[in-house]
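In what follows, every chain begins at residue 1, and chains take the letters A, B, ... in the order their sequences are listed.
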2 protein chains.
Amino acid sequence: MRLSAKVEYAAIAAVELARRIGSPDPVRIRGICEAQGVPARFLVHILLQLKAAGIVASTRGAAGGYRLARPPEEITLDDIRRAVEGPGALVAPVTTELAPRSRVATVLATAWQEASDAESAALASIKLSDLAARCRGAGDTMYYI
Amino acid sequence: MRLSAKVEYAAIAAVELARRIGSPDPVRIRGICEAQGVPARFLVHILLQLKAAGIVASTRGAAGGYRLARPPEEITLDDIRRAVEGPGALVAPVTTELAPRSRVATVLATAWQEASDAESAALASIKLSDLAARCRGAGDTMYYI
DNA sequence: GCACTAATACTCGGATAAATGCTGTCCGAGTTATCATGG
DNA sequence: CCATGATAACTCGGACAGCATTTATCCGAGTATTAGTGC
């Protein structure tokens, strides 16, 4: 499993937004970048993708910024990854292309799919609320109910 | 989860070798390529990587070729993937680099690792012997030389 | 005090460019079985 | 029938080019808050 920098930045920003879920003011991009060390001009486009996916919402103008569009219990790392990397990516493009001619490729295509589903399920089980709670809580103690 | 063409080709070749485990003669690269539609000159380098990882063995010279170095029950798709893509790849390079400065990154790094471990475990549970059996079981029309 | 204007700070979104890795090819070298040839 | 050499087929391994994706950066435009100015 290899993550692109985009997904990593998106997750960092999303967790940062989840931590400030109580505040009425939207979070500015610069605020995230200065706290986490993320290139600002790059994060702009990433947040736009998260907005297009309905994960974050924004208010323009001065005193504008971003906030989560849904409660953090309903956002998983799998949502973020799919929002940024796009849903169109096939798991094993070469194998699926060869599948009609080769039974080996057919068998392998389903095997790759199984592993990919396991990975997606693992990512779907990690919610933003859990991650935000881990940031607040000290050590391994989870305060989130 | 996105697979590189190298890993896909390597898996196809490995299953093809597993299917012919009973034959005393080694399997030639051309034999795999003609049966499965894999570029030959590319597969050479892939098989060299599998050999370096101890997954396949080769005999040089005329009537040479490749065979599995271990019984197919002891080779998993995870072995093949790590042999080809290298073990040095970090799961989340950006996040781990930012971890010392950011608690958010630290929490995320472990979360990514959990998902990666789930994927690896899924791949490690799929053995070459299973895949070869699936090819035979459904009445494949491939001939043995 | 009020209306209006300018400045400011932020998001929006496309264009663009450097960097990196992936994909596949080419070529020469080394190794071994097979076959032809001569004794 | 046997020994020897030529030939062919195959693996070995690095070098390299073309292509696509990633990773940003830049710039102009839109939008809302805020400060300032004149009446």
Between atom [atom1] in [X] and atom [atom2] in [N], what is the gap in whole Å?
X     : N      : atom1 : atom2 : value
A/L48 : C/dA15 : CG    : P     : 15 Å
A/Y9  : D/dT22 : OH    : P     : 15 Å
A/E97 : C/dT23 : CD    : P     : 13 Å
A/D25 : D/dT33 : CG    : P     : 12 Å
B/R41 : D/dA17 : CZ    : P     : 17 Å
B/I46 : C/dC22 : CD1   : C1'   : 11 Å
A/F42 : C/dG13 : CZ    : P     : 17 Å
B/Q49 : C/dG24 : CD    : P     : 14 Å

Checklist line | Expected output: side-chain A/R2 to main-chain B/M1 donor-acceptor under 3.5 Å | finding: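 No; judged by distance alone, with no hydrogens or angles, the pair does not exist.
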
Item checked: A/T110 side-chain N/O to A/V107 backbone N/O, donor-acceptor pair under 3.5 Å ->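 Yes.
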
Item checked: Nearest-0.5 Å distance, CG of residue B/L131 to CD1 of residue B/I12 -> 11.5 Å

Next item on the list: Have a look at B/I29 and say if it touches a base, only the backbone sugar-phosphate, or nothing, with a 4.0 Å heavy-atom cut-off.
Entry: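 B/I29: backbone/sugar contact only, no base atoms under 4.0 Å.
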
Notebook entry, point to check: With a non-hydrogen cut-off below 4.0 angstrom, is A/R28 in contact with a base, only sugar-phosphate, or nothing?
Noted result: sugar-phosphate

Checklist line | Nearest listed nucleotide, side chain of A/S4, among C/dC26, D/dC12, D/dT23 | finding: D/dT23

Next item on the list: With the side chain of A/V44 defined as its heavy atoms from C-beta on, choose the nearest nucleotide among D/dC27, C/dC12, C/dT23.
Entry: C/dC12

Check: C/dT23 base to B/H45 side chain: any donor-acceptor pair below 3.5 Å?
Finding: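 There is none.
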
Under 3.5 Å side-chain donor-acceptor pair for [X] and [Y]:
X     : Y      : answer
B/E73 : B/S129 : no
A/T76 : A/D79  : yes
A/T95 : B/E8   : yes

Next item on the list: Check DNA chain C against residues 51-70 of chain B and give the residues with a non-hydrogen atom under 4.0 Å, in numerical order.
Entry: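 Those residues are B/R60, B/G61, B/A62.
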
Note to self: Could you see if B/L90 belongs to whatever hydrophobic cluster contains B/L98? Use Ile, Leu, Val, Met, Phe, Trp, Tyr and a side-chain cutoff under 4.5 Å.
What the structure shows: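 No, no single cluster joins them.
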
